[in-house]
Amino acid sequence: MATAQMLQAIVLLMAWVYCVVQTIRDFRRRSYFMAAVGILFVVAIAVFVTIPIETHAVKIDLPVR
């Protein structure tokens, strides 16, 4: 995995963990609307992470001298 992709994965994982913690905190505070919004974000981030990123490989054959 390239460095930029690894950084993106780490940032998304941190955002996911933050949303999970906030959702649990909102449920404990009985703020059910914000907890539901948190669940939506947790699911959205999980779906976003599992979607494959399309890449294009280009093969160039150079003549040998």
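Predicted, not measured: the structure shown is a model, and the values here were computed from it.
- Transitive grouping of hydrophobic side chains (ILVMFWY, heavy atoms separated by less than 4.5 Å) brings Phe41 and Met34 into a common cluster.
- In this structure, Leu40 has no side-chain contact (heavy atoms from CB on, under 4.5 Å) partners at least two apart in sequence or on a different chain.
- A search for side-chain contact (heavy atoms from CB on, under 4.5 Å) contacts involving Leu62 returns Ile60, not counting sequence neighbours.
- Counting all heavy atoms, side chain and backbone alike, Val42 lies closest to Cys19 at CG2-CB, 3.6 Å.
- There is a path of hydrophobic side-chain contacts, each under 4.5 Å, that joins Val21 to Leu12.
- Residue Ile24 is grouped with residue Ile45 when hydrophobic side chains (ILVMFWY) are merged at heavy-atom distances under 4.5 angstrom, including chains of intermediate members.
- Distance check, rounded to the nearest 0.5 Å: CZ of Phe33 to CG of Asp26 gives 11.0 Å.
- Note on residues 12-24: pairs passing side-chain hydrogen bond (donor to acceptor under 3.5 Å, both in side chains), not counting sequence neighbours, are Gln22-Arg25.
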